[in-house]
Amino acid sequence: MMAINFDPVRLRRTLHQHPELSNQEAQSARAIAAQLRQFGFHPVTDVGGHGILVTIQGAAPGPTTLLRADFDALPIHERTQLDYASCHDGVMHACGHDGHTAALLAVAAELSQTPPKQGTVILAFQPAEETGEGAARMCQAPELANAQIDNVYAFHNLPGFAQHQIVVRPSTFACASTGVAIKLHGKTSHAAYPERGVSPACAMSDVMRMLTQLPDAYPSTFSLVTLVHAQLGDPAFGVAPGEATVMATLRSDDNATFHAMQTRLVDKVNAIADQAGLTVDLHWHEPFIAAENSTTHNQVVVNAAQSLGLEVHWLNEPMRWSEDVAEFLTRWPGALFGIGSGEHHPQLHNPDYDFPDAILSTANDLFCALVKRHHGMAPSPVAE
Ligand SMILES: [Zn+2]
Ligand SMILES: [Zn+2]
């Protein structure tokens with residue numbers, strides 16, 4: 001057997017040094033595909049953008065498991081003193097997607113040496129997570145659109161949790177979310193004659209009150225609306241306003257509630273605008289559905305973690321942020337879990353954040369344990 005000389009830490013730092021924004025990950029994709037070819041695989045590239053798939057068949061028939069990692073970066077100016085800090089000004093791996101991908105490449109290295117005994121393992125390297133586009137595009141690509149997949153797993157590193165701790169939830173792990181921008185169009189007039197125009201002022205405040213009260217209609221779920229921006233007319237004392245903008249972010253832990261909230265919002269905004277004689281432009285931005293775990297798959301993660309002696313933390317509430325792995329989990333059953341990055345580790349999207357390399361082996365070991373549970377992969381000693 002050919003020995004694999006793969007250093008996930010080195011690869012992680014190379015990705016970190018060359019971060020690319022969502023939908024611009026061409027160089028990272030080339031690096032990932034080149035590494036996979038070195039392992040002897042034949043990766044399929046350009047899946048739903050810069051996505052990459054590797055399919056590894058076992059000798060016997062069996063279930064199909066998809067493991068997913070993302071690899072896009074963020075428009076944040078890195079403020080670390082690392083010798084591998086970003087060399088792309090204003091772009092940074094501040095969410096640890098460099099680490100997620102390095103961990104999945106370590107799994108690829110291991111599977112190239114010790115393939116699954118039965119069934120099929122698909123490794124999915126996903127672009128454009130931060131904008132909520134990449135997962136849906138990969139799932140709709142011909143390579144996956146009609147796939148029969150039995151198990152989906154992915155992890156996100158989690159600052160604020162003890163390092164190596166496995167963070168689980170048997171239902172929704174991460175919330176659905178979307179931005180909404182509401183523009184109300186009326187007509188300006190001289191401020192001395194406001195009745196000669198159509199001011200959106202009162203309707204704007206009605207829309208803002210309606211938005212903050214929207215979650216009250218769904219008391220049995222976690223739902224949240226955050227007003228993020230509002231503007232009425234222009235700062236000119238002589239002009240009664242003709243335009244107003246309100247922006248908000250909606251979240252829910254339940255996909256059905258989330259869609260009901262969106263429908264209710266549109267109906268209420270239209271009613272308010274109609275009453276005031278205004279027209280409306282309403283746009284949704286960066287929509288994510290909720291990442292809903294299957295109870296069974298969450299339990300497989302728990303069992304695998306415990307078999308490795310890892311501490312398991314059960315979340316009482318879902319994460320309020322969103323993860324577009326939800327698109328995989330809405331099509332096929334599986335689980336998204338967290339791996340603690342350290343209680344005092346800089347938070348995700350902070351300019352001083354860096355993925356903790358110490359948890360690369362934790363992620364690799366847990367992924368391999370999951371593969372072993374579903375596919376009977378013979379355990380191989382981890383090369384140091
Ligand atoms: Zn992020
Ligand atoms: Zn992320």
Side-chain angles (χ1 to χ4, degrees), residues 7-22 24-25 28 68-106 126-132 134 154-169 173-175 177 224 226 228 249 251 286 288 291 310-313 315-325 336-366:
D7 180 358
V9 173
R10 213 171 99 190
L11 183 126
R12 204 281 294 175
R13 294 179 176 186
T14 304
L15 289 175
H16 188 94
Q17 200 167 8
H18 304 93
E20 292 167 299
L21 292 175
S22 307
Q24 299 174 28
E25 312 93 334
S28 306
R68 172 276 206 178
D70 43 12
F71 64 90
D72 56 330
L74 285 154
I76 294 174
H77 187 81
E78 180 161 350
R79 285 202 311 238
T80 67
Q81 305 300 320
L82 301 166
D83 55 4
Y84 55 89
S86 170
C87 65
H88 297 159
D89 199 29
V91 185
M92 177 190 177
H93 267 297
C95 206
H97 298 182
D98 49 349
H100 301 166
T101 284
L104 195 58
L105 283 169
Q126 184 211 302
E129 190 285 326
E130 294 289 355
T131 54
F155 83 98
H156 207 293
N157 78 96
L158 296 180
F161 292 85
Q163 205 167 62
H164 308 295
Q165 193 177 56
I166 306 305
V167 181
V168 299
R169 196 159 190 269
F173 191 92
C175 281
S177 71
L224 179 70
T226 307
V228 295
T249 311
R251 297 176 198 279
E286 300 184 4
F288 289 77
L310 293 166
E311 192 187 327
V312 174
H313 177 91
L315 287 177
N316 291 324
E317 290 181 353
M319 295 294 175
R320 288 188 180 185
W321 41 257
S322 304
E323 232 292 356
D324 83 342
V325 73
L336 167 66
F337 55 92
I339 302 182
S341 300
E343 269 150 34
H344 305 294
H345 199 80
Q347 287 295 325
L348 302 175
H349 298 204
N350 278 175
D352 56 343
Y353 170 90
D354 182 41
F355 182 90
D357 286 322
I359 67 170
L360 280 172
S361 58
T362 312
N364 174 31
D365 290 350
L366 187 48

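Fair warning: this is a prediction, and the values are worked out from it, not measured in the lab.
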Practice task
Go through the structure and list residues passing side chain to side chain contact (heavy atoms under 4.5 Å, CB included) with S86, not counting sequence neighbours.
Solution key: P19, E78, H88
Exercise for the section: Would you please name every residue forming a side chain to side chain contact (heavy atoms under 4.5 Å, CB included) with L21, sequence neighbours left out? Expected result: Q24, P75, V91
Practice task
Salt-bridge test for R13 and D357: reply yes if a basic N is under 4.0 Å from a carboxylate O, no otherwise.
Solution key: yes
Handout entry: Heavy-atom closest contact (A174 atom, L336 atom, distance)
Key = CB-CD2, 4.5 Å
Exercise for the section: Please report the closest heavy-atom contact between D324 and G134, naming both atoms and the distance. Expected result: OD2-N, 3.5 Å
Fill in the blank from the handout: Contacts of T226 meeting side chain to side chain contact (heavy atoms under 4.5 Å, CB included) (sequence neighbours excluded), chain-then-number -> L224, V228
Without placing hydrogens or testing angles, list every side-chain donor-acceptor pair under 3.5 Å for residues 338-347, not counting sequence neighbours.
| unit_1 | atom_1 | unit_2 | atom_2 | d |
| --- | --- | --- | --- | --- |
| S341 | OG | N157 | OD1 | 2.9 |
| S341 | OG | L158 | N | 3.2 |
| H345 | NE2 | D354 | O | 2.6 |

Practice task
Tell me, please, which residues at least two apart from D352 pass salt bridge (Lys or Arg N to Asp or Glu O under 4.0 Å).
Solution key: none
Problem - Sequence-distant partners of H164, side-chain hydrogen bond (donor to acceptor under 3.5 Å, both in side chains), two or more places apart - result: T362
Exercise for the section: State, yes or no, whether a side-chain contact exists between P159 and L348 at a heavy-atom distance under 4.5 Å. Expected result: yes
Practice task
Output all residues satisfying side-chain hydrogen bond (donor to acceptor under 3.5 Å, both in side chains) with T14, sequence neighbours left out; order by chain, then residue number.
Solution key: none
Handout entry: Single hit among F355, Y353, Y84 for ring-ring contact (aromatic ring centres under 6.0 Å, His included) with H16
Key = Y84
Exercise for the section: Please list, chain by chain and in numerical order, all residues satisfying salt bridge (Lys or Arg N to Asp or Glu O under 4.0 Å) with E323, sequence neighbours excluded. Expected result: R68
Fill in the blank from the handout: Hits for ring pair (Phe, Tyr, Trp, His ring centres under 6.0 Å) against H313, two or more places apart or cross-chain, chain-then-number order -> F161
Problem - Partner set under ring pair (Phe, Tyr, Trp, His ring centres under 6.0 Å) for H97, not counting sequence neighbours - result: H100, H156
Fill in the blank from the handout: For D7, the side chain to side chain contact (heavy atoms under 4.5 Å, CB included) test, sequence neighbours excluded, returns V9, R10
Exercise for the section: For Q17, enumerate each residue passing the side-chain hydrogen bond (donor to acceptor under 3.5 Å, both in side chains) test, keeping only those at least two apart in sequence or located in another chain. Expected result: none
